[in-house]
S.K.: 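Encoded as structure tokens, here's the structure I'll be asking about.
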Amino acid sequence: MHPEAKEPDCGFSEVLPRELGSLFSDTYTEESHYAFCGTELRITQHYGANLGVAAPVWDAALFLCGYFEEQKLDFKGKKVIELGAGTGIVGILVSLLGGHVTLTDLPHALSQIQKNVSANVSSNNPPQVCALSWGLDQEKFPQDYDFVLGADIVYLHDTYPLLIQTLQYLCGPQTSIFLSSKMRQEHGTMHFFQDILPQYFASELVKRNKDEEINIYKVTRYQN
Ligand SMILES: C[S@@+](CC[C@H](N)C(=O)[O-])C[C@H]1O[C@@H](n2cnc3c(N)ncnc32)[C@H](O)[C@@H]1O
């Protein structure tokens, strides 16, 4: 993650991008290289382009990629959607591992994701890149995903009910959701995982980085 992209101490909200953008005198890009699962990823982050929190690769995303590598999860032929994809790094990795991936985010982030897809994926079946604003757009999407992925998307209290609506819509009995989250006390991330999510889904903490306070949860529908 770029040092200038460290967590803002104010709202950390979608109001932020315009304000954050104005803090930078120039719009600039930074290309970073990452290696997971024997694959090199070239990810460009567009700073000062009003992308706000969507611009950088967040540590929770790298932690999730590392988890997939460690667990050797089999994504071949699986139907996968990523929420709040930002740069797209997680979904791009999963696509390179053989998944049929749809990468989603708010409209302002889509061109960054598309550029990273084009730079990394040359297969006949590249990821689709689509707008999905939680609680609003999910009905454009199918309901038979094998995996729903999200890295660092639990940080805005007002969006928690919207995110739950989207997860409920997208997830069938066969779906595994993986949420990798920086546990931000001030944004009630723990409250989401301990109190809100269990009202709707079963969840299990599958990996924790204690020093960085990043948790990965595997989430599924309650089985009747
Ligand atoms: C902290 S960033 C994480 C980006 C990326 N997943 C990563 O970990 O590198 C949060 C992402 O959630 C997206 N987001 C925030 N609110 C959203 C909403 N209501 N609907 C859809 N995406 C949203 C942002 O645009 C941003 O890309």
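Because the structure is a prediction, the values reported are computed rather than measured. Positions are given from 1 along the sequence. Note that ligands are numbered from 1 as they come in the structure, with each ligand's atoms numbered from 1 the same way.
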S.K.: Does A109 have a heavy atom less than 4.0 Å from any atom of ligand 1?
M.R.: no
S.K.: So, Y200 versus Y222, ring centres under 6.0 angstrom or not?
M.R.: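 Between Y200 and Y222, the centre distance exceeds or equals 6.0 Å.
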S.K.: Any sub-3.5 Å donor-acceptor pair from Q143's side-chain atoms to G172's backbone N or O?
M.R.: no
S.K.: What do we get for A151 next to ligand 1 when only non-hydrogen atoms under 4.0 Å count, side chain, backbone, both or neither?
M.R.: both
S.K.: Flag W58 as yes when one of its N or O atoms lies below 3.5 Å from any N or O atom of ligand 1, and as no otherwise.
M.R.: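 Yes, since at least one N or O of W58 sits under 3.5 Å from an N or O of ligand 1.
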S.K.: Just checking, is any N or O donor in the side chain of N125 or H100 under 3.5 Å from an acceptor N or O on the other one?
M.R.: yes
S.K.: Provide the number and element of each atom of ligand 1 under 4.0 Å from a heavy atom of L132.
M.R.: 20 (N), 21 (C)
S.K.: Answer side chain, backbone, both or neither: which part of L83 comes under 4.0 Å from ligand 1, heavy atoms only.
M.R.: neither
S.K.: State the atoms of ligand 1, each with its element, that fall below the 4.0 Å cut-off from a heavy-atom position in S133.
M.R.: 20 (N), 21 (C)
S.K.: Minimum distance, heavy atoms only, to atom 27 (O) of ligand 1: which one of L103, D105, V57 is it?
M.R.: D105
S.K.: Does the residue A85 have a heavy-atom contact with ligand 1, meaning some pair of atoms that are separated by less than 4.0 Å?
M.R.: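 A heavy atom of A85 does come that close to ligand 1.
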S.K.: Is there a ring-ring contact (aromatic ring centres under 6.0 Å, His included) between Y217 and F193? Walk through the geometry before answering.
M.R.: CA-CA 9 Å; Y217 295 87; F193 284 103; 4.0 Å; yes
S.K.: Does T87 have a non-hydrogen atom less than 4.0 Å from ligand 1?
M.R.: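 It does not; every heavy atom stays at 4.0 Å or beyond.
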S.K.: For atom CD of Q128, is the number of surrounding heavy atoms from other residues, nucleotides or ligands below 6.0 Å larger than 12?
M.R.: no
S.K.: Kindly identify the option in A61, G84, S180, A60 whose heavy atom sits closest to atom 5 (C) of ligand 1.
M.R.: G84
S.K.: What atoms in ligand 1 come closer than 4.0 Å to a heavy atom of G86?
M.R.: 4 (C), 27 (O)
S.K.: Counting only N and O atoms by type, is there a donor-acceptor contact under 3.5 Å from the side chain of T87 to the main-chain atoms of I43?
M.R.: no
S.K.: Ignoring hydrogens and angles, state whether a donor on the side chain of Y67 or E69 is under 3.5 Å from an acceptor on the partner side chain.
M.R.: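 There is no such pair (donor and acceptor under 3.5 Å, judged by atom type) between the side chains of Y67 and E69.
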S.K.: Is the CD atom of Q185 crowded by more than 12 outside heavy atoms at less than 6.0 Å?
M.R.: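 Counting neighbours around CD of Q185, 12 or fewer heavy atoms of other residues, nucleotides or ligands fall under 6.0 Å, so no.
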S.K.: Name every donor-acceptor pair, under 3.5 Å, that has one atom in a side chain of residues 73-85 and the other anywhere in the protein, sequence neighbours excluded.
M.R.:
from: D74; atom 1: OD1; to: K76; atom 2: N; distance (Å): 3.0
from: K79; atom 1: NZ; to: D144; atom 2: OD1; distance (Å): 2.8
from: K79; atom 1: NZ; to: D144; atom 2: OD2; distance (Å): 3.3
from: E82; atom 1: OE1; to: G91; atom 2: N; distance (Å): 2.8

S.K.: Run the contact test for L162 against ligand 1 with a 4.0 Å cut-off on heavy atoms, strictly below, and give the result.
M.R.: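 Judged by the 4.0 Å heavy-atom criterion, L162 does not count as contacting ligand 1.
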S.K.: Report, in ascending order of atom number, the atoms of ligand 1 lying under 4.0 Å from any heavy atom of P56.
M.R.: 9 (O)
